[in-house]
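Counting starts at 1 for both ligands and their atoms, in listed order. For the numbers below, each heavy atom of this structure counts, side chains included, while hydrogens, waters and symmetry mates do not.
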Amino acid sequence: MTTPPGGLDAADPLAAFRDRFVIDDDLVAYLDGNSLGRLPRATAERLAGFVTEEWGGRLIRGWDAGWVDLPVTVGDELGAALLGAAAGQTVIADSTSVNIFKLLHAAASIRPDRNEIVIDATNFPTDRYLVESVAASRGLDVRWLEPDLVESITADVLAAVLGERTAVVVLSQVDYRSGTLLDLPGLTSLIHDAGAVVVWDLCHSAGVIPITLDVAEVDFAVGCTYKYLNAGPGAPAFLYVAERHLDAVTQPITGWWSAADLFAMADTYEASPTIRRMLSGTPNVGGILAVQEGVRLIAEAGVDRIREKSVALMAYAVELLDEAGLEIVTPREPELRGSHVTVRHRNARDITAQLIERGVIPDFREPDLIRLGLSPLTTSYAEVAAGVALLVELAR
Ligand SMILES: *Cc1c(COP(=O)(O)O)cnc(C)c1O
């Protein structure tokens, strides 16, 4: 028998963080924080204050009182706490999808003599669709990887397609279905050895996996803030460009916020020499403040400690699922997985609907997958135990 969850929760050094979130629902287990993280109490207060005092009270003067710099200052905070990124390389802007579009163009622009973009067929739809779109508009070819869902992209799988034609490789650090965690430093250096550049999508790893973009010499990265960062539905995303590329990169949505002098209203466009050149239009101020609160909570807990709890929660969930004999499509090795575990079942769609009806919220993923997301700052062992117990009952 597995350990009862009460003792594990009592011994959890991060347990107190759960009280920092609004939890006034009647759910048995919220196992979807990897799709939409819970609302931090501090964020509810900050946004209320922003609406009445800053927006309502300052109106247009708010831009001069600090709003203008938020994309960069909060980008720097996020970069330092979550990405291992020195200042001046990260901004908060737009959606992940729009940022992928910009970064793909930026990446291709610094490899003009090469004509292939590499991506895996298992990647998240928006990443694949945007690769196809950018490749078509720049006259590039898409080179598809077809890895096993669970093993995902190893050095061997990637090495087989890299070559003199490779301009850009797009990879998700954690697979959105299987939860497989890729070797970011190792694959990055393999890509560099081939003379190409990489765009890492960190949507399912930022805030829950220690990331070292500068040390690994990553070129470009992107990720969203409404999953493990708890910044709310549609909160603006982040993007990272390594400082060594900043002078050379161009991007396609050259709005006034990316210009050298925002308020000069110049006749001709000149790109900002800083990371601001990746911005486009007026930022979503309320959204960025929510990102800042999410980042501060993670910084306070520490990504290393969050990862420790994630590993323990994952081991606990896998142990319970194994005991019940359910099929798992997530790696067996703790160091090869992110913070969600995925069960394959022929009735996955029906089971998910019944789970939701009974207060356990997982995610269904086509065609037969049930994804259990474990978000260490809010997910308790008791939730994992209760959620898995109901899943096991329904899966019989
Ligand atoms: C969640 C997710 C996205 C989301 O993109 P949006 O533009 O925010 O809709 C993109 N890529 C991956 C890998 C994701 O997991």
Side-chain angles (χ1 to χ4, degrees), residues 31-38 71 75 78 82-83 91-105 107 117-134 144-145 147 149 152-153 168-182 184 187 198-209 211 213 218 220-240 251-253 278-281 283-284 287-288 290-291 294 310 330 337-342 361-366 369 371-375:
L31 303 178
D32 216 357
N34 59 331
S35 271
L36 182 66
R38 285 185 178 277
L78 187 153
L82 275 63
L83 307 179
V91 279
I92 313 295
D94 307 309
S95 64
T96 299
S97 297
V98 170
N99 289 335
I100 291 172
F101 179 75
K102 293 194 222 181
L103 289 183
L104 285 170
H105 275 288
I117 305 183
V118 173
I119 187 168
D120 54 297
T122 46
N123 214 317
F124 191 82
T126 215
D127 302 60
R128 291 184 277 110
Y129 302 160
L130 285 160
V131 162
E132 289 184 298
S133 144
V134 171
W144 293 100
L145 296 166
L149 181 61
S152 197
I153 298 157
V168 184
V169 180
V170 181
L171 297 170
S172 286
Q173 191 181 13
V174 171
D175 185 283
Y176 81 104
R177 287 185 295 173
S178 63
T180 308
L181 171 64
L182 302 191
L184 180 143
L187 296 179
V198 66
V199 179
W200 279 102
D201 184 329
L202 309 176
C203 278
H204 278 282
S205 53
V208 77
I209 304 276
I211 297 171
L213 296 183
V218 165
F220 305 96
V222 63
C224 57
T225 60
Y226 50 80
K227 292 172 180 167
Y228 295 106
L229 274 71
N230 305 296
F238 65 85
L239 72 77
Y240 164 97
Q251 59 102 348
I253 314 178
M278 297 306 294
L279 299 177
S280 294
N284 173 349
I288 298 180
V291 172
S310 163
T330 300
R337 52 195 190 207
S339 205
H340 64 267
V341 54
T342 302
I361 315 285
D363 247 337
F364 170 72
R365 283 292 175 268
E366 293 284 353
L369 304 176
R371 201 174 68 168
L372 309 177
L374 312 179
S375 190

(message) Please determine whether a side-chain nitrogen of the Lys or Arg among Arg128 and Asp120 lies less than 4.0 Å from a carboxylate oxygen of the Asp or Glu.
(response) no
I'd like the atom pairs linking ligand 1 to the protein - N or O on both sides, separation under 3.5 Å - with distances to 0.1 Å.
| unit_1 | atom_1 | unit_2 | atom_2 | d |
| --- | --- | --- | --- | --- |
| ligand 1 | 7 (O) | Ser97 | N | 2.8 |
| ligand 1 | 7 (O) | Ser97 | OG | 2.6 |
| ligand 1 | 8 (O) | Tyr226 | OH | 2.6 |
| ligand 1 | 11 (N) | Asp127 | OD1 | 3.0 |
| ligand 1 | 11 (N) | Asp201 | OD2 | 2.9 |
| ligand 1 | 15 (O) | His204 | NE2 | 3.1 |
| ligand 1 | 15 (O) | Lys227 | NZ | 2.6 |

(message) When you compare the side chains of Asp363 and Ser35, does any donor N or O come within less than 3.5 Å of an acceptor on the partner?
(response) yes
(message) Looking only at side-chain N and O atoms, does Ser310 offer a donor or acceptor that is under 3.5 Å from a partner on Ser339?
(response) yes
(message) Here's a test for you: under side-chain contact (heavy atoms from CB on, under 4.5 Å), which of Leu130, Val134, Ile253, Val222 qualifies with Lys102?
(response) Ile253
(request) Name all residues meeting the ring pair (Phe, Tyr, Trp, His ring centres under 6.0 Å) criterion together with Tyr176; count only those two or more places apart in sequence or in a different chain, and write none if there are none. (result) Phe124
(message) Can you confirm whether the side chains of Ser178 and Thr342 place a donor and an acceptor under 3.5 Å from each other?
(response) no
